[in-house]
Colleague: 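Dropping a structure here in C-alpha cells format, bear with me for questions.
Numbers for residues simply follow the sequence, beginning at 1. Just so it is clear, the values below take in all heavy atoms, side chains as well, and ignore hydrogens, waters and symmetry mates.
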Amino acid sequence: MPETGLDNPALRTDTVSMPVPATQPLAELPASLRASMLLRCLAIQGSWNYEILVGNGMGFCVEPALRRLPGGIDGPPYREALARQAVYFNAHPYLASLAVGALARAELEQVPPARIERFRTALCGPLGSLGDRLVWAAWLPACSLVALLLFGFGWSPPAVILGFLVLYNVGHLGLRDWGLRAGWKHGLRVATAMGHPVLQHGPRYIGRVSAVLGGMALPLAVHRAIGGQEPLSPIPMGVAVATPVLAVLLVRLQGRAEGWRVVLLLLAAFVLYSVVR
C-alpha cells in the first residue's frame, strides 16, 4: 500500500508526550463560519509561491475562525495564530480543507503553539499523498473517460464539456466540504478521518471502473470521430461491450491462454459476422 503517513507520531493521539488538551469540545461548526472557510478554500492557491507554497492560503482559509479567539482581531492571540498559520504548507489543494478544519479547531481550543506547529508539519505528507492518488490518479481520469463516452454516444461538444465539469466539480466540491467538516470534528485526531475508506480504497475501485469506462468509451469515440453514424448500432456497441469483457477475460486467463490467440479468435468472429450479414 502506498505510504500515506498515517503512522506519523505527530498524528497519533496516544502519544504520551503530546496529550490532548483538557478543554471542553467545541460546538458543531457554525454554518456561516463553514461557508466562509469553504469559499476561501477555493482560493487556497491564489497566493501560491515557491517559498511557502500554499502557506498564505492556509492562513487566509483559517482566518475567519481565528476571529473568535479572545480579543478578536485586535488581540495578541489572533495575530500570533494568523502568523503561525501563514507559514510553509504543502498539501493537495482539495484535501487541504481537512487541515484547515483541524487547525482552526486546534487554535480555538488554544492548543500549545509548539504542538500545533508539529501537527501542521505532519499533515503535509499524508494529505499530499492521499489527494494525488484519489483526485489526479483516479477521479480526474474517470471523469475524462465519462466525457469521452458521452462524446461516443453522440452528445454535442458543449454538452460533453458541461457533463465533465458537472461530474468533476460535484466530486471535488464534495471532497472539500467533507474535509472541512471532518477536520473540525476530529481536530488533532484527524488521522481518524484520513483513514476513511474512500481515501484509502477509493483510488483502487475508481481505477477498476475507469478501466471498464475506457474499454467502452474508446471504440465509441473512434467510431464517431471517423464519421460513423448511429453509435447505438450493433457493431460499435458490440465492440464497446466486448473490449472491457476481453480485458477481464485476459486477466482471468493469465497463464492459461495466450492473449494473441484470444484476440485472433475475436477478430475471426467479427469477420464471420460481417460476411454472414
Side-chain angles (χ1 to χ4, degrees), residues 5 8-13 15 17-128 131 176-194:
N8 192 315
L11 295 177
R12 285 188 294 215
T13 58
T15 306
S17 61
M18 294 177 10
V20 175
T23 58
Q24 293 296 325
L26 295 175
E28 185 177 351
L29 181 61
S32 59
L33 179 58
R34 172 185 167 190
S36 177
M37 295 170 70
L38 183 60
L39 284 174
R40 291 186 177 216
C41 284
L42 299 178
I44 195 169
Q45 293 180 291
S47 59
W48 189 97
N49 61 77
Y50 286 104
E51 184 177 356
I52 61 175
L53 303 182
V54 295
N56 283 332
M58 286 293 295
F60 177 67
C61 295
V62 176
E63 191 271 340
L66 302 183
R67 299 178 188 181
R68 299 177 177 236
L69 287 168
I73 61 175
D74 296 322
Y78 170 86
R79 292 194 294 269
E80 293 170 2
L82 185 58
R84 189 163 46 244
Q85 295 302 329
V87 296
Y88 174 88
F89 193 82
N90 186 30
H92 192 280
Y94 298 172
L95 275 183
S97 61
L98 194 62
V100 170
L103 290 168
R105 177 160 185 166
E107 292 287 4
L108 293 186
E109 289 182 339
Q110 297 185 303
V111 174
R115 185 179 181 187
I116 291 179
E117 291 171 1
R118 290 195 297 269
F119 175 71
R120 193 175 185 276
T121 300
L123 285 172
C124 294
L127 293 182
R176 286 185 192 262
D177 182 59
W178 170 85
L180 183 60
R181 290 184 289 105
W184 179 273
K185 175 181 177 181
H186 296 285
L188 294 178
R189 298 182 176 87
V190 77
T192 303
M194 286 191 284

Colleague: Closer than 3.5 angstrom, by distance alone: can the side chain of Ser36 be matched with the main-chain N or O of Ser32 as a donor-acceptor pair?
Modeller: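 Looks like no, no N/O pair under 3.5 Å.
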Colleague: For the atom pair CZ (Arg115) and CG (Leu188), what is the distance rounded to the nearest 0.5 Å?
Modeller: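 Rounded to the nearest 0.5 Å, the CZ-CG separation comes out at 4.5 Å.
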Colleague: Checking Ile73 now: which residues fulfil side chain to side chain contact (heavy atoms under 4.5 Å, CB included) with it, not counting sequence neighbours?
Modeller: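 Counting only residues at least two positions away or on another chain, Ile73 forms a side chain to side chain contact (heavy atoms under 4.5 Å, CB included) with Arg67, Tyr78.
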Colleague: Do Leu29 and Lys185 come within less than 4.5 Å of each other through their side chains, counting heavy atoms only?
Modeller: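 Result no, sub-4.5 Å side-chain heavy-atom pair not found.
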Colleague: Checking Arg120 now: which residues fulfil salt bridge (charged side-chain N to carboxylate O under 4.0 Å, His left out) with it, not counting sequence neighbours?
Modeller: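 Scan of Arg120 (salt bridge (charged side-chain N to carboxylate O under 4.0 Å, His left out), adjacent residues dropped) gives none.
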Colleague: Only pairs under 3.5 Å count here: list side-chain donor-acceptor contacts from residues 92-103, not counting sequence neighbours, and write none if there are none.
Modeller:
residue	atom	partner	partner atom	Å
His92	ND1	Tyr94	N	3.1
His92	NE2	Trp136	NE1	3.2
Tyr94	OH	Tyr168	OH	2.7
Ser97	OG	Tyr94	O	3.4
Ser97	OG	Arg176	O	2.8

Colleague: Among all residues two or more places apart in sequence or in another chain, which pass the side chain to side chain contact (heavy atoms under 4.5 Å, CB included) test with Pro70?
Modeller: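 Testing Pro70 for side chain to side chain contact (heavy atoms under 4.5 Å, CB included), a comparison that skips the adjacent residues, returns Gln110.
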Colleague: Measuring from Leu33:CG to Leu38:CG, what's the distance to the nearest 0.5 Å?
Modeller: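 Separation between the atoms: 11.0 Å.
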Colleague: With sequence neighbours excluded, what pairs up with Phe89 under the ring-ring contact (aromatic ring centres under 6.0 Å, His included) test?
Modeller: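 Applying ring-ring contact (aromatic ring centres under 6.0 Å, His included) to Phe89 gives none.
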Colleague: Salt bridge (Lys or Arg N to Asp or Glu O under 4.0 Å): which pairs involve residues 92-101, sequence neighbours left out?
Modeller: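 Qualifying pairs: none.
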Colleague: Any side chain to side chain donor-acceptor pair (under 3.5 Å) involving residues 40-61? Give me the pairs, sequence neighbours left out, ordered by first then second residue.
Modeller: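 Every side chain to side chain donor-acceptor pair (under 3.5 Å) pair that includes a residue of residues 40-61, provided the two are not neighbours, is Arg40-Glu63.
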Colleague: If you measure from CD on Glu80 to CD on Gln85, what distance do you get to the nearest 0.5 Å?
Modeller: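 Glu80 CD to Gln85 CD: 12.5 Å, rounded to 0.5 Å.
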Colleague: Nearest 0.5 Å, what's the CH2-CE distance between Trp184 and Met37?
Modeller: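 These two atoms lie 6.5 Å from each other.
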Colleague: Do Leu127 and Met194 make a side-chain contact, defined as non-hydrogen atoms from C-beta onward lying under 4.5 Å apart?
Modeller: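 They are in side-chain contact.
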Colleague: For residues 81-103, which residue pairs qualify under salt bridge (Lys or Arg N to Asp or Glu O under 4.0 Å), counting only residues two or more places apart or in two chains?
Modeller: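 Non-adjacent pairs meeting salt bridge (Lys or Arg N to Asp or Glu O under 4.0 Å): Arg84-Glu107.
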Colleague: I need the Leu108 CG to Leu66 CG distance, nearest 0.5 Å.
Modeller: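 Nearest 0.5 Å value for the CG-CG distance: 7.0 Å.
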Colleague: Of all the heavy-atom pairs spanning Arg105 and Gly187, show the shortest one and how long it is.
Modeller: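 The pair with the smallest heavy-atom distance is CD-CA, 4.2 Å.
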Colleague: Would you name the heavy atoms of Ala81 and Leu69 that are closest together and state the gap between them?
Modeller: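 Heavy atoms only, the tightest pair is CB-CD1, 3.8 Å.
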